[in-house]
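Written out below as structure tokens is the structure these notes cover.
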Amino acid sequence: MVDADQTFVIVGGGLAGARAAETLRAEGFNGRVILIGDERDHPYERPPLSKGYLTGAKERDSTLVHEPAWYAANDVELHLGQAVTAIDREARTVRLGDGTVIRYDKLLLATGSEPRRLDVPGTDLTGVHHLRRLAHADRLR
Ligand SMILES: Cc1cc2nc3c(=O)[nH]c(=O)nc-3n(C[C@H](O)[C@H](O)[C@H](O)COP(=O)(O)OP(=O)(O)OC[C@H]3O[C@@H](n4cnc5c(N)ncnc54)[C@H](O)[C@@H]3O)c2cc1C
């Protein structure tokens, strides 16, 4: 049973964010767990994007950290396709891109990294890709 008095907010829906949510539940945290990610996909592993998923040997779903039903089954609230745009540490809140404000008791930033863009002429040409997200691998495939 979830104890709504304690809220653990995780920002970043990558491998680290998803495993943090899993670990909280596995180690008995019974407050609210809220996972916020700016990508629309459920948390997935990136290594297959340059390997099995890219070659077509692996299905899209096989890249997921947990199957989508896992989150509801483990009382992990998901806000996908939403970036956290502000943190108010005094008020202990995060603000999402759509204006929603969420209060937290604990906050984990698992926001990962972004590729550095090559700043040379030609990188904006058709056929030049960056590979970080599932959507990028989809385009390359
Ligand atoms: C193509 C590719 C192949 C790789 N292959 C390997 C490999 O073979 N072996 C290996 O060890 N590692 C590999 N890696 C690296 C590995 O995937 C990363 O180390 C891992 O993804 C890091 O996980 P993370 O959860 O810390 O960060 P990330 O995967 O970067 O996830 C962070 C998430 O937070 C989101 N986010 C950022 N800011 C905000 C915000 N303000 N609000 C909401 N959400 C936000 C990001 O969009 C992202 O979805 C590979 C990476 C790539 C891209």
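Model, not experiment: these values are computed from the prediction. Numbering of ligands and ligand atoms starts at 1, following listing order.
Atom numbering of ligand 1 starts at 1 in the shown order; those under 4.0 Å from a heavy atom of G14 are 25 (O), 31 (O), 33 (C). Every atom of ligand 1 with a heavy atom of G13 under 4.0 Å away is listed here by number and element: 33 (C), 34 (O). Every atom of ligand 1 with a heavy atom of E39 under 4.0 Å away is listed here by number and element: 47 (O), 48 (C), 49 (O). Contact atoms of ligand 1 toward L131: 1 (C), 53 (C) (distance under 4.0 Å to a heavy atom of the residue). When each atom of ligand 1 is checked for a heavy atom of R133 under 4.0 Å away, the hits are 47 (O).
Of the possible polar contacts, none joining the R95 side chain to the T85 backbone as a donor-acceptor pair under 3.5 Å is found. Here the side chain of Y53 pairs no donor or acceptor atom with the backbone of T63 at under 3.5 angstrom. Within the 3.5 Å criterion, the main-chain N or O of H130 finds no donor-acceptor partner in the side chain of R117. Between the T93 side chain and the V101 main chain, no donor and acceptor come within less than 3.5 Å of each other.
Nearest protein neighbour of atom 27 (O) of ligand 1, counting heavy atoms only, is G112 CA, 3.2 Å. Nearest to atom 34 (O) of ligand 1 among the protein's heavy atoms is G12 CA, 3.2 Å. Nearest protein neighbour of atom 35 (C) of ligand 1, counting heavy atoms only, is D38 OD1, 3.4 Å. Counting only heavy atoms of the protein, atom 5 (N) of ligand 1 lies nearest to K51 NZ, 3.1 Å. Among all protein heavy atoms, the one lying closest to atom 37 (C) of ligand 1 is T111 O, 3.4 Å. Nearest protein heavy-atom contact of atom 10 (C) of ligand 1 is P47 CG, 4.3 Å. With respect to atom 42 (N) of ligand 1, the closest heavy atom belonging to the protein is V84 N, 2.9 Å.
Between R132 and E114 there is no salt bridge, since no side-chain N of the basic residue sits under 4.0 Å from a carboxylate O of the acidic one. One finds a salt bridge joining D138 and R60 here, because a Lys/Arg side-chain nitrogen approaches an Asp/Glu carboxylate oxygen to under 4.0 Å.
Residue L49 places no N or O, backbone or side chain, under 3.5 Å from any N or O of ligand 1. In terms of polar-atom proximity, L15 is counted as a contact of ligand 1, with an N or O under 3.5 Å from an N or O of the ligand. Polar contact check, S50 against ligand 1: no nitrogen or oxygen pair lies under 3.5 Å apart. When only interatomic distances are considered, the shortest N/O to N/O separation between A16 and ligand 1 falls below 3.5 Å.
Of the candidates T100, V84, I10, L78, I36 forms a side chain to side chain contact (heavy atoms under 4.5 Å, CB included) with just one, namely V84. Exactly one of R103, E77, Q6 qualifies for a side chain to side chain contact (heavy atoms under 4.5 Å, CB included) with R32. That residue is E77.
Residues Y44 and E39 form a side-chain contact, since some pair of their non-hydrogen atoms from C-beta on lies under 4.5 Å apart. Put simply, the side chain of V11 reaches to within 4.5 Å of the side chain of L107, judged on heavy atoms.
The presence of a protein heavy atom under 4.0 Å from atom 22 (C) of ligand 1 is ruled out. Put simply, atom 18 (C) of ligand 1 has no protein non-hydrogen atoms near it, under 4.0 Å away. In this structure, atom 7 (C) of ligand 1 is in close contact with the protein, since a protein heavy atom lies within 4.0 Å of it.
Residue-level proximity to ligand 1 for S113 is carried by the backbone, the only part with a heavy atom below 4.0 angstrom. Under 4.0 angstrom from ligand 1, the non-hydrogen atoms of A110 all belong to its backbone. Contact annotation: for V11 versus ligand 1, heavy atoms closer than 4.0 Å belong to the side chain alone.
Remark: R141 CZ to T55 OG1 distance equals 7.5 Å, nearest 0.5 Å.
In the hydrophobic clustering of ILVMFWY residues, with side-chain heavy atoms under 4.5 Å counting as a link, V76 and F29 come out together.
Residue Q82 places a heavy atom under 4.0 Å from ligand 1. Not close to ligand 1: R19, with no non-hydrogen atom less than 4.0 angstrom away.
The two residues R46 and R133 have their closest heavy-atom pair at NH1-CA, 3.8 Å. Contact record, L35 with P43: CD2-CG, 4.0 Å, taken as the closest heavy-atom pair. When every heavy atom of R40 is checked against every heavy atom of L80, the shortest pair comes out as O-CD1, 3.6 Å.
Of all the listed residues (H136, R46, E114, R132), R132 holds the heavy atom that lies closest to atom 30 (O) of ligand 1.
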